[in-house]
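Each remark here refers to the structure printed beneath this line.
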Protein chains: 2
Amino acid sequence: MDIPKKEDHLLNISYDSVIFGFSGDALKILLLEYHDTGFFALPGGFVRKNENLNDAVIRGVKERTGLEKLFLEQFHTFGNTSRSDAAAMKTIIKANHDSYTEDSWLFDRFISVGYYALIDYAKVSPTPDALSDSIDWYAIDDIPPLLFEHNLIIEKAIETLRNNLNKKLMGINLLPDKFTMKALQQVHEAILDEKLGRTAFQRKMLSLDLLERHEKQFSGKAHKAPYLYSFKSDKA
Amino acid sequence: MDIPKKEDHLLNISYDSVIFGFSGDALKILLLEYHDTGFFALPGGFVRKNENLNDAVIRGVKERTGLEKLFLEQFHTFGNTSRSDAAAMKTIIKANHDSYTEDSWLFDRFISVGYYALIDYAKVSPTPDALSDSIDWYAIDDIPPLLFEHNLIIEKAIETLRNNLNKKLMGINLLPDKFTMKALQQVHEAILDEKLGRTAFQRKMLSLDLLERHEKQFSGKAHKAPYLYSFKSDKA
DNA sequence: ATCTATTGTCTCATTTTGTTACAATAATAA
DNA sequence: TTATTATTGTAACAAAATGAGACAATAGAT
């Protein structure tokens, strides 16, 4: 992988993406570990000179997950001087490139726009890029210390996700196209970090008139089979 | 006024501020008009190399309004290529500066962070800076066409304000320290653009336990005098 | 055929919200 | 001093939303 070129990009501005997935029991996010440094961080990147900010983030998330259509939303822009860490950036670049130069634009101060994405955990097999040893899922209550105040960015992302959860059933973006009411409830519980009453939850979801009921799902277990639901497409 | 110098600032990044005030009957915002151009726009600015983004916005709003302590919150970052307009920027700079240079950094593309501020309308006498003919209040349903997609930025600011209104009685930032329940209700109605039931509103506000009741306010009119309230400082 | 775990819905209690009613009151007019 | 008027604070009641428990339906195991 080449170092991104200064003349192709906007300066002093970057993005960081908090990519959420739901494993069935826990809410997780994708973190990458840089080669030979022990550094963990959020997947991020830069904006090309003639590229919309949104498109830059979509491009970056696609490179990391292979997903093209995904739920993606900006939540906050982080602009404190304290969040820059030129030393760490130098270590990363040094560990990966012979062409290390002391005065790279990458060591400048960056203002970073935070995005979060909600994706179907099952649809992704994350692949590390050339800069990173690994890219892996981490449960949100088990996040290691990260570079560049990224732990703070994650907290803010979760807070935003909680606040927006009720708007238009956002949680469904973490599930397959068809899902049971129980799965939807588990997603909500994972995001809110609290138990919800089963009957009240079901009544509320159905009353929103956003779900379409399909065939039953037979699990092979000895009990009544639940209906499958999907998000009504005309409510998007 | 001097043109801001390239070497002092972050490149490709700016901010725009939507400064809300409440005149007693309508919600208004501050717009400025540039010298000799007929161009209207939101007050905005740039970030110095060693300055926090938030501090840059505080500095800019203070220069325009004289206010130092104010309610200020970031709401969205605008990053589409379509929002840049080098031609308009050139017109503005030309109209104001002999030292016009064709290749100024100001003509580059900018990603702009949107902030909104809530201030006490009565406390401000807006003063135009050297670049602008006028800075004035405009009711939010009477905004002229603005440069750089600023109309869109205002819409998003209002939307965010509506969504956040219930969080911790944000509306009080548009009022003096002490205010009547009726004034608070009028602020809410102006923001939400709908009438609210008087008794339900009063009951709700009092139940939040965020308001402190003070002496009555005698208006001189022939009716029962309302209590004055303030925001409980320990709930900030 | 009986048993077990889970689901969908009903019912009822509780809480919240919306609306109307009404007494209290500050200033004015009679 | 005593009505009169406009507005305020709160109570009272109705309607709607929410929470919790009961229960029948049912897919598969025994």
Side-chain angles (χ1 to χ4, degrees), chain A residues 22 24-25 162-169 171-172 175-176 178-232, chain B residues 22 24-25 162-169 171-172 175-176 178-232:
Chain A
F22 181 65
D25 52 5
R162 278 184 189 146
N163 289 336
N164 291 109
L165 183 58
N166 289 321
K167 300 179 191 165
K168 244 179 40 185
L169 278 192
I172 57 108
L175 293 169
K178 290 184 181 180
F179 48 86
T180 63
M181 192 60 75
K182 182 171 196 174
L184 183 58
Q185 183 176 343
Q186 285 170 328
V187 166
H188 279 242
E189 289 175 340
I191 292 174
L192 299 174
D193 194 26
E194 62 178 322
K195 288 289 173 193
L196 303 173
R198 182 180 66 91
T199 59
F201 182 81
Q202 171 129 339
R203 181 180 39 191
K204 185 90 161 106
M205 291 300 117
L206 293 178
S207 75
L208 294 175
D209 193 38
L210 296 172
L211 294 178
E212 194 166 357
R213 180 176 280 185
H214 300 284
E215 72 280 7
K216 292 189 171 191
Q217 183 190 55
F218 300 94
S219 62
K221 302 287 177 57
H223 55 72
K224 191 173 180 179
Y227 290 106
L228 287 170
Y229 295 89
S230 67
F231 190 67
K232 281 187 181 175
Chain B
F22 180 66
D25 51 6
R162 277 185 189 145
N163 289 336
N164 289 83
L165 182 58
N166 289 322
K167 300 177 190 163
K168 243 181 37 182
L169 280 193
I172 56 107
L175 293 170
K178 290 184 180 180
F179 48 88
T180 63
M181 192 60 76
K182 182 172 198 175
L184 183 58
Q185 182 175 345
Q186 285 170 329
V187 166
H188 279 242
E189 289 176 341
I191 292 174
L192 299 174
D193 194 27
E194 62 177 323
K195 288 287 173 193
L196 303 172
R198 181 180 66 91
T199 58
F201 181 82
Q202 171 130 340
R203 182 181 0 139
K204 188 87 161 101
M205 290 301 116
L206 293 178
S207 75
L208 295 175
D209 193 37
L210 295 173
L211 294 179
E212 193 166 357
R213 181 175 280 185
H214 300 283
E215 73 280 8
K216 293 189 171 190
Q217 184 191 54
F218 299 94
S219 63
K221 302 285 177 57
H223 54 72
K224 189 174 181 180
Y227 289 106
L228 287 170
Y229 295 88
S230 67
F231 190 66
K232 281 188 182 174

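Once rounded to the nearest 0.5 Å, the distance linking CG of B/L184 with CG of B/L211 reads 6.5 Å.
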Just list the side-chain donor-acceptor pairs under 3.5 Å for residues 191-203 of chain B, sequence neighbours left out, or say none.
none

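By the salt bridge (Lys or Arg N to Asp or Glu O under 4.0 Å) test, B/K204 pairs with no residue at all, sequence neighbours left out. For the side-chain hydrogen bond (donor to acceptor under 3.5 Å, both in side chains) test, residues two or more places apart in sequence or in another chain that qualify with A/Q185 are A/E189. Checked against side-chain hydrogen bond (donor to acceptor under 3.5 Å, both in side chains), A/Q217 has no partners two or more places apart in sequence or in another chain. A/H214 pairs by the side chain to side chain contact (heavy atoms under 4.5 Å, CB included) definition with A/K178, A/E212, A/L228, A/S230, not counting sequence neighbours. A/K224 pairs by the salt bridge (Lys or Arg N to Asp or Glu O under 4.0 Å) definition with nothing, not counting sequence neighbours. The side-chain hydrogen bond (donor to acceptor under 3.5 Å, both in side chains) check on B/R162 picks up nothing, with sequence neighbours excluded. A/N166 pairs by the side chain to side chain contact (heavy atoms under 4.5 Å, CB included) definition with nothing, not counting sequence neighbours.
Counting to the nearest Å, the P atom of C/dG8 and the CG atom of A/L211 are 12 Å from each other. Here the P atom of nucleotide D/dT8 and the CZ atom of B/F201 are 13 Å apart, to the nearest Å. In this structure, the CD atom of A/Q185 is 9 Å from the P atom of C/dT7, given to the nearest Å. When rounded to the nearest whole Å, the span between CG of B/L206 and C1' of D/dA11 equals 14 Å. In this structure, A/Q217 places its CD atom 10 Å from P of C/dT7, rounding to the nearest Å.
Proximity of A/L206 to A/Y229: side-chain heavy atoms (C-beta onward) are separated by under 4.5 Å at one or more points.
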Run the numbers on B/T180 and B/Q186 for side chain to side chain contact (heavy atoms under 4.5 Å, CB included), then give the verdict. CA-CA 10 Å; B/T180 63; B/Q186 285 170 329; over 6 Å; no
Indicate for each nucleotide in nucleotides 23-30 of chain C, in 5' to 3' sequence, whether protein heavy atoms under 4.0 Å reach the base (B), only the sugar-phosphate (S), or nothing (-). -BBBB---
One character per nucleotide, please: for nucleotides 16-23 of chain D, 5' to 3', B when the base has a protein heavy atom closer than 4.0 Å, S when only the sugar-phosphate does, - otherwise. --BBBB--
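Scanning residues 186-196 of chain A for heavy-atom distances under 4.0 Å to DNA chain C yields an empty list.
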